[in-house]
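Numbers restart at 1 for each chain; the letters A, B, ... are given by sequence-line order, proteins then strands. These values consider heavy atoms only, across backbone and side chains, with no hydrogens, waters or symmetry-generated copies. What you see is a predicted model, and the numbers here were worked out from it, not measured in a lab.
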Amino acid sequence: MARFSRAAGERSGPPAVVPVEGDMRWTRTFIHTLRQDPADAEVVSHRLMVRAGLISKVAAGIYNYLPLGLRTLAKLERIIREEMEHAGSSELLMPAVTPAELWHESGRWSQYGPELLRLKDRHQRDFCFGPTHEEVVTDIVRREVRSYRQLPVNLYQIQTKFRDEVRPRFGLMRGREFVMKDAYSFHADPADLEVAYRAMETAYCRIFERCGLSYVKVEADTGNIGGSESHEFMVLADTGEDAILSCSCGYGANAEKAETGALPEAPAWPRQAPESPEAVATPEQTSVEDVAAFLELEPAHFIKTMIFETDQEFVAVLIRGDREINEVKLKNALGCTHLQLASAEKIETVTGGPQGFSGPVGLHDVRVVADPTVMSLAVTATGANAADAHLVGVRPGRDFDPAVVADVNLAVAGDPCPRCGQPMIEKRGIEVGHIFKLGTKYSEPMRCTFLDSEGNEQPCIMGCYGLGVGRTAAAAVEQNHDDRGIIWPLPLAPFEVVLVLLNSDQDDVVAAAEQIYGSLRAAGVDVLFDDRLERPGVKFNDLDLIGFPVRLVVGKKGLASGNVELSLRRDGERQMIPLDGVVQAVTGLLAEERAKLPS
RNA sequence: CGGGGUGUAGCGCAGCCUGGUAGCGCACCUGCCUUGGGCGCAGGGGGUCGGAGGUUCAAAUCCUCUCGCCCCGACCA
């Protein structure tokens, strides 16, 4: 059965080439496992995917998808395509190499840093290898759409992207070249975008559920776009690069974005605080903890003052002494694209005092940003902008007046949930999907407009929806493995069933295995026939490493009593099946396993 | 971008400090043997030691440059 062959008319481009069912025996395909761990693999998924012969490295962050690995990708892509089509998106394929002009139009040619791989053609014209395709898709739509009657438009592609990451690592989890599903929608009004956004949200949930992955959907940072809504889909794994804060009430957010409920107030001052700011000597006490201990106060009594440098200015950022600053929130509050801590020299220039003794009182020529936790302090202590001195008795609002009051507080595990106030917990996750309400960020500068029912020209309101294909496969491994190897969830396994021939020198055993292989294929079972002339130990170890969900062993011992052995990779429990019941047992087991997941 | 490390057979590594004709394990080839968890024995093939330059009678080894790869840091006043 042509489970993987493409339906007539179904379009797709590389790397979506779907393997066509041929003779699926090990010796006729290309499967090569490694006995030893690759030297450069740090994380489980990278190590196992290389060892199992799913991928191999070509250059830093650039991989071959070998036949087994490609089968997994193809299965995942098939699920993605089904759900995207179901959600009303149409597949197309845009070029990987795109002209600089489009990127100039959106302004991203200059905004994007070295992550954008730039190329020149023989005429010295600028191009780049697309890291994402907002510009290109907006160009497509603006050429055709004139009227609100032509909206909405919803397009997706599955394509190879390139981002020249500073530090590619973790195999497919953070490669430079990677396969991604990206979708874009265009709408006449926000309500219509909302409909598409929710449809995508549902589609993503279904995709990860159908893959058998344990994931969470969390609120995410919207970056410099502002105001819009954004959600990330995280596959839960201890090795995940992102921290997620979540609450039993259902609230969940990327730590970059997470808010908190009301934080516990700072303890009362242990003694009478001075009426007006009073300088006290704090020789060589630079950290809040040290100064607090030195002055016999709590860190929460302090204002921590950090000097940042943005692409346009210096800012002094105030946070309560027991808290940390969330730089992503700060970036959003400032509306800047670059942000970094100022150097010690620059701090001196800006505040007049050395690093470690900064405070908001008497600062001029810099904007002061204060977190609400600072403004709610009645009386505080902070740096005096002079060496070895702090001020006590500082009253926010009286002794200094911040230009901006904004939430720049970094939420941590144990903080109260913004919705219900219960303490939040922290988990780690791998970001596998990210959906966005873009608004008019691209449609406006690129003049992707339509005429509304009153004849007014308006920019399209856009959404974009990304899903890392390779990363999802890696996340599946990260989440499903043991010390022997991968334990593929059934929907993503390169083959659902592996049929193992032992004693390949004995004609009757070979004949029995061949006969079973034939009837399994006739029954449409997704089976690989391990017909190698290897010792059993070698075979079993390879199969455990690759992680085929269902294993069927044909050997002379079982055959002597007319049986073959059936087991699941997950638990390894073996059951003997009479020869004439093999197909039924396998198809029954597969049906049982499939029933556990949505389809 | 900074700091560190590394590059020797397909893979994993030793040799380098103290220059003197390149080694181990796995894999591979041949034969015998063996076949339900990475067998055994015997024989064999395979490397311009990342590249360029230099020092030297002699360089994998010392020096300089270069390229690739890996790790750490992007750290809180």
Rounded to whole Å, how long is the line connecting atom [atom1] of [X] with atom [atom2] of [N]?
X        : N     : atom1 : atom2 : result
A/Asp542 : B/G38 : CG    : C1'   : 8 Å
A/Asp40  : B/G68 : CG    : P     : 16 Å
A/Phe30  : B/G10 : CZ    : P     : 15 Å
A/Asp505 : B/C32 : CG    : C1'   : 15 Å
A/Glu165 : B/A74 : CD    : C1'   : 14 Å
A/Tyr63  : B/C69 : OH    : P     : 11 Å
A/His46  : B/C69 : NE2   : P     : 13 Å
A/Asp290 : B/C76 : CG    : P     : 13 Å

Taking pairing as Watson-Crick or G-U wobble with both contacts under 3.5 Å, can you name the mate of [N], or confirm there isn't one?
N     : answer
B/A59 : none
B/G2  : B/C72
B/U34 : none
B/C16 : none
B/U21 : none

[X] side-chain proximity, nearest of [options]:
X        : options             : value
A/Phe540 : B/G12, B/U35, B/G37 : B/G37
A/Pro536 : B/G37, B/C76, B/C69 : B/G37
A/Ala39  : B/U35, B/C13, B/C70 : B/C13
A/Thr33  : B/G38, B/G37, B/C11 : B/G38
A/Arg176 : B/C69, B/C76, B/C11 : B/C69
A/Lys304 : B/C69, B/C11, B/C76 : B/C76
A/Glu42  : B/C71, B/C76, B/C13 : B/C71
A/Asn503 : B/C76, B/G37, B/U35 : B/U35

Say we look at [N] and [M]: how far apart would their [atom1] atoms be, to the nearest angstrom?
N     : M     : atom1 : answer
B/A27 : B/U64 : P     : 41 Å
B/C1  : B/G53 : C1'   : 29 Å
B/A9  : B/A14 : C1'   : 14 Å
B/C13 : B/G50 : P     : 15 Å
B/G10 : B/C29 : C1'   : 14 Å
B/C17 : B/C26 : P     : 29 Å
B/G4  : B/A74 : C1'   : 15 Å
B/G54 : B/A42 : P     : 48 Å

* Whichever of A/Phe357 and A/Ala59 has its nearest RNA chain B nucleotide further upstream toward 5' -> A/Ala59
* If you find the nucleotide of RNA chain B closest to A/Gly321 and the one closest to A/Ser504, which residue's nucleotide is nearer the 5' end? -> A/Ser504
* Asked: Is the CZ atom of A/Arg398 crowded by more than 12 outside heavy atoms at less than 6.0 Å?
  -> yes
Any salt bridge linking [X] with [Y]? Criterion: basic side-chain nitrogen under 4.0 Å from a carboxylate oxygen.
X        : Y        : value
A/Asp371 : A/Lys304 : no
A/Lys331 : A/Glu256 : no
A/Arg551 : A/Asp530 : no
A/Arg570 : A/Glu593 : yes
A/Arg367 : A/Glu313 : yes
A/Asp126 : A/Arg118 : no

* Minimum heavy-atom separation for A/Val379 to A/Trp269, with atom names? -> O-NE1, 3.1 Å
What's [X] touching, base or sugar-phosphate or nothing? Going by heavy atoms closer than 4.0 Å.
X        : answer
A/Asp37  : sugar-phosphate
A/Ile307 : base
A/Val500 : nothing
A/Asn541 : base
A/Gly558 : base
A/Arg551 : base
A/Leu34  : nothing
A/Lys57  : sugar-phosphate

* To do: Applying ring pair (Phe, Tyr, Trp, His ring centres under 6.0 Å), name anything that partners A/Phe529, two or more places apart in sequence or on another chain.
  => A/Tyr517
Between [N] and [X], counting only base atoms on the nucleotide and side-chain atoms on the residue, is there a donor-acceptor pair under 3.5 Å?
X        : N     : answer
A/Arg51  : B/G12 : no
A/Arg532 : B/G38 : no
A/Gln36  : B/G25 : yes

Below 3.5 Å between N/O atoms, which protein atoms pair up with nucleotides 39-42 of chain B? Just atom names and distances, please.
{"from": "B/C39", "atom 1": "O4'", "to": "A/Arg535", "atom 2": "NE", "distance (Å)": "3.2"}
{"from": "B/C39", "atom 1": "N1", "to": "A/Arg535", "atom 2": "NH1", "distance (Å)": "3.3"}

* Flag this pair as yes if the NZ/CZ of A/Arg471 is under 6.0 angstrom from the six-membered ring centre of A/Phe178 and inside a 45 degree cone about the axis; otherwise no. => no
* With A/Val554 as reference, evaluate A/Ile516, A/Leu579, A/Val500 under the side-chain contact (heavy atoms from CB on, under 4.5 Å) test and give the passing residue. => A/Ile516
